[in-house]
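See structure below.
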Number of protein chains: 2
Amino acid sequence: MTDSNHKIRIKDIALLAGVSEGTVDRVLHNRGDVSVKSREAVTKVLEEMNYSPNLFARSLASKKNFRFVCLIPSYQPGEYWESVDKGFNQAAQEFLHHNIIIEKKFFNQFDNQSFVTVTEEVLQDLPDAVILSPIFRNESIWFIEKLQETETPFSFIDSLIEDMTYNTYYGQNSFQSGYIAAKMLLSSMSEGSQIVIIRTKRKGSVSNQTLSRNKGFFQFVDDNKLQDKVQIISVEFSSNDEAGNLEILRGIFENNQNIKALITFNSKVYRLAAHLDTLGKMNLRLIGYDLLDENVKYLKMGTINLLFAQRPDKQAYLSVRDMCRKLIFRQEINRINYVPIDILMKENIEDYLRFNENN
Amino acid sequence: MTDSNHKIRIKDIALLAGVSEGTVDRVLHNRGDVSVKSREAVTKVLEEMNYSPNLFARSLASKKNFRFVCLIPSYQPGEYWESVDKGFNQAAQEFLHHNIIIEKKFFNQFDNQSFVTVTEEVLQDLPDAVILSPIFRNESIWFIEKLQETETPFSFIDSLIEDMTYNTYYGQNSFQSGYIAAKMLLSSMSEGSQIVIIRTKRKGSVSNQTLSRNKGFFQFVDDNKLQDKVQIISVEFSSNDEAGNLEILRGIFENNQNIKALITFNSKVYRLAAHLDTLGKMNLRLIGYDLLDENVKYLKMGTINLLFAQRPDKQAYLSVRDMCRKLIFRQEINRINYVPIDILMKENIEDYLRFNENN
DNA sequence: CTTTATTCTGTGTGCGAACACAGTTTGATA
DNA sequence: TATCAAACTGTGTTCGCACACAGAATAAAG
């Protein structure tokens, strides 16, 4: 690598191409009114010198303002969406000086009507871009079609709707994260072990995430022909009756003497952990998803053995960053971005959280 | 949070404090020549308005240039230090417009004299900061003492030397990563299993990293009283005679019929994987460290089951970033920064690598 | 009450890029 | 050839900040 691209200014390009700074600028932003000769001369020098604009100077000079709307569910402290919110805040701070204003809008994740209300607000006063998690599928499709009509760019986080012209998608490959969960749960299970899968009916809508994780899980079972080696017991939990859930669990343990592990594909594994504590059940493998405060607590205590994480804050932050790159810096970006499947245990959770906090 | 700190300029502060921009600037950089009255007025407004300078405008205006020297071992493609180098390159690009020039200097990691030569060069022409991995302990101490005399700030990556006035340290808690390795390797081992630990004498010096990993590993064995349940076989490999190593390994397998797993605490587990392939040994657990290209290859193939990673590129990048924050932006930073212990398997390596590539 | 030194403060310029605006060239048409 | 719009190009201002420099206010000395 030569030490080109080091501090080459428009002025330099202009000088080398034998034109003025204005002309270089016109070529850079292809806004016409440039003779073929000049354009060619400039583009040639541009390439030779490997010019890269000073983005700070650019946004300092630019008078354009951008407004990004980010739609997220409202949340309780310690919940999953808190991390997402944090990511948006970080982005807001960092991109403020690039003339970008992040406007967050909250809706009730258990009430599709609240989502519709919020999206209508957005459509009333169109922003320059929208970032959302399409929790409510049909409502999201309706909203996005409106956005497409007005050519407002949008990005998905967490989950996606295929065949839409989204700018980026950041999220986890949940099939894969279910598959790997099965691997880590079942690899060392002795013959005849019983595994309990806890499902919870979501009040609002069905979550794609948990469905795919479930699929991935059973794919592993299939791939390794474990159907007969281990017995998988599927249990349905209520979303609000915890006392009832405890009793269900008690019943399960009474009727099945060889339960070795439990797993749940939603993020509420801490509830399960609490019940196991109540029932005094030790030496069970318990696996779940996402680093809710409560989940982390039980992970550190040892009740939960394993958590899979998906960097929700990064999903939010990066979707904003990429929107900037596209709209403002005109850079190429990847459309589909799978976030790593992070495997967290008691022994590596601390460093992980601290690192995430600061970077 | 109010929407203060949003776009408040020096000009605004000056207006509110009833002084000129120049005076505000003098207060901000406390370079004297300000009356007590003015200073108080300005600091008051500064606090009230929660002023935060536009860092981009700042480094655009500033004529100061900074030179950071980064010392890293030269490397072959696919080696560990390639990632570190990549991190430095990324930082170089990103901080170029903050008037920072990253100057990399390479030394031979197996020859302490080459390190000394390079450090002498650095001392001849002192940079504004130094970032290094103190591979050669004594030589590093000598070098750093010289740096301290001239008050040149420096940071450690990868490993650290205690009791020195380093700016930051980025690296992994290797004790913990050894501990967690033991946990993942031994948790599901049946009684009487044999485990092989491969050591390789490093040509240059002893690596602290591998020593601590080893310690962490045996701490787990101790904590769980596994000394009698599993048999741990320690084998010494040569650093260059691979044919010989293969024979050693063959011998080990002949004399021990119940080997279930192998581990090595340095980053060269791919060599071991190759030998196991040659010997046709399947169904063994093989665990190693760091995402060298070759390691990843065997991980994907399934010969290696698990790799622990430590984000070497981030270590490099963040140490540069923090040096900027300290020297240029006068921000507070953390001194000790443990990088997460990333657990990678066949199933999550792809997303991990791709994500790292782009972010 | 000057003169001179000292402390203090405002103004002006430049950093690199965006963009408006004015100014110049070209080419088509009367 | 004169006219005029269209195509093209250069200049100047602006963004928020740093810093130099000149100039004003104050204090100390004559």
Side-chain angles (χ1 to χ4, degrees), chain A residues 5-43 45-46 49-66 95-100 324 327-331, chain B residues 5-43 45-46 49-66 95-100 327-330:
Chain A
N5 98 331
H6 283 34
K7 299 277 191 180
I8 291 164
R9 302 158 300 169
I10 283 190
K11 193 185 283 187
D12 302 319
I13 302 291
L15 202 69
L16 287 164
V19 297
S20 80
E21 298 181 42
T23 303
V24 175
D25 184 69
R26 272 181 282 269
V27 173
L28 280 173
H29 300 82
N30 38 301
R31 44 183 168 90
D33 293 348
V34 182
S35 68
V36 182
K37 209 197 313 174
S38 300
R39 163 169 289 112
E40 279 173 355
V42 171
T43 40
V45 177
L46 237 33
M49 293 287 100
N50 191 19
Y51 170 78
S52 77
N54 185 332
L55 298 182
F56 307 145
R58 170 176 290 181
S59 44
L60 188 63
S62 173
K63 293 157 186 32
K64 263 192 218 129
N65 275 306
F66 292 86
F95 293 109
L96 176 64
H97 291 299
H98 287 300
N99 309 319
I100 289 156
C324 290
L327 291 187
I328 302 168
F329 306 143
R330 306 274 161 74
Q331 294 175 354
Chain B
N5 97 333
H6 284 33
K7 299 275 187 180
I8 291 165
R9 303 158 299 173
I10 282 188
K11 192 185 287 187
D12 302 319
I13 302 292
L15 202 69
L16 287 164
V19 298
S20 80
E21 298 181 45
T23 304
V24 175
D25 182 70
R26 273 182 282 268
V27 173
L28 279 173
H29 299 81
N30 42 297
R31 45 184 168 87
D33 294 348
V34 182
S35 66
V36 182
K37 208 197 312 171
S38 299
R39 162 170 290 110
E40 278 174 357
V42 170
T43 41
V45 177
L46 236 31
M49 293 287 100
N50 191 20
Y51 170 78
S52 78
N54 185 332
L55 299 182
F56 306 145
R58 171 175 291 181
S59 44
L60 188 62
S62 171
K63 293 161 184 27
K64 262 191 221 129
N65 274 307
F66 293 87
F95 294 108
L96 176 64
H97 292 299
H98 285 300
N99 310 319
I100 289 156
L327 291 188
I328 302 171
F329 305 143
R330 306 273 158 75

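The sequence lines fix the lettering, A, B, ..., with proteins before strands; numbering per chain opens at 1.
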* Within the pair B:Y51 and D:dC17, is there a side-chain N or O less than 4.0 Å away from OP1 or OP2? -> yes

Determine all donor-acceptor pairs shorter than 3.5 Å in which one atom belongs to a side chain in residues 32-41 of chain A; sequence neighbours excluded.
residue, atom, partner, partner atom, Å
A:S35, OG, A:S38, N, 3.2
A:S35, OG, A:S38, OG, 2.9

* Nucleotides bounding contact with chain B, strand DNA chain C, heavy-atom threshold 4.0 Å -> C:dC8 to C:dG16

* **Whole-Å gap separating C1' (D:dC15) and CD1 (B:I10)** => 13 Å

* Mind calculating the distance between CZ (A:R58) and P (D:dG16) to the nearest angstrom? => 18 Å

* Stepwise side chain to side chain contact (heavy atoms under 4.5 Å, CB included) test for A:L60 and B:N54 -> CA-CA 9 Å; A:L60 188 63; B:N54 185 332; 4.0 Å; yes

* On DNA chain C, check which nucleotide each of B:A61 and B:S38 is closest to and give me the residue with the more 5' one. => B:S38

* For A:D25, side chain to side chain donor-acceptor pair (under 3.5 Å) partners two or more places apart -> A:H29, A:R31

* Taking the side chain as every heavy atom from C-beta outward, state whether B:K64 and B:N99 have any pair of such atoms under 4.5 Å apart. => no

* Asked: Tell me, do A:I13 and A:M49 make a side-chain contact under 4.5 Å, heavy atoms counted?
  -> yes

* Spacing of B:N50 atom CG and B:I8 atom CD1 [to the nearest 0.5 Å] -> 7.0 Å

* With under 30° as parallel and over 60° as perpendicular, where do the rings of A:H97 and B:F56 fit, or are they tilted in between? -> perpendicular

Identify all pairs in which a protein N or O lies below 3.5 Å from an N or O of nucleotides 21-25 of chain D, and state each distance.
none

* All pairs passing salt bridge (Lys or Arg N to Asp or Glu O under 4.0 Å) where residues 9-19 of chain A contributes a residue, at least two apart -> A:R9-A:D12

* Within the structure shown, what part of the strands sits under 4.0 Å from B:D25 by heavy-atom distance: base, sugar-phosphate, or nothing? -> base

* Asked: Could you give the distance from CG (B:L55) to CD1 (B:I328), rounded to the nearest 0.5 Å?
  -> 10.0 Å

* Within the structure, does a side-chain N or O atom of B:H29 lie under 4.0 Å from either OP1 or OP2 of D:dA18? -> yes

* Name the residue closer to the 5' end of DNA chain C, choosing between A:A57 and A:K64 according to the nucleotide with the nearest heavy atom. => A:A57

* Structure fact -> Per-helix bend value, the helix from C:dC1-D:dG30 to C:dA30-D:dT1, C1' rotation axes over five pairs per end, 10° rounding, shows 60°

* In chain order, what residues pass the ring pair (Phe, Tyr, Trp, His ring centres under 6.0 Å) check against B:F66, with sequence neighbours excluded? -> none

* Structure fact -> Taken in chain and number order and not counting sequence neighbours, the residues that satisfy side chain to side chain contact (heavy atoms under 4.5 Å, CB included) with A:L15 are none

* State whether B:R9 places a side-chain N or O below 4.0 Å from either non-bridging phosphate oxygen (OP1 or OP2) of D:dG16. => yes

* Test item: A:I100 and A:C324 side chains (from C-beta on) under 4.5 Å apart, heavy atoms -> yes

* To do: Taking all non-hydrogen atoms of both residues into account, name the closest pair between B:S20 and B:A14 and its distance.
  => C-CB, 3.6 Å

* What's the CG-C1' distance between B:L28 and D:dC17, to the nearest Å? -> 10 Å

* To do: Would you jot down, in residue-number order, the residues of residues 14-22 of chain A having a non-hydrogen atom under 4.0 Å from DNA chain D?
  => A:V19, A:S20, A:G22

* **Whole-Å distance separating the CG atom of B:L60 from the C1' atom of D:dC19** => 14 Å

* Asked: Looking at residues at least two apart in the chain, or sitting in another chain, which of them share a side chain to side chain contact (heavy atoms under 4.5 Å, CB included) with B:L28?
  -> B:I10, B:V24, B:L46, B:Y51

* To do: Could you state the atom-to-atom distance from NZ of A:K63 to P of D:dC15 in whole Å?
  => 6 Å

* Whole angstrom is fine here: how far is it from CG in A:N54 over to C1' in D:dC17? => 14 Å

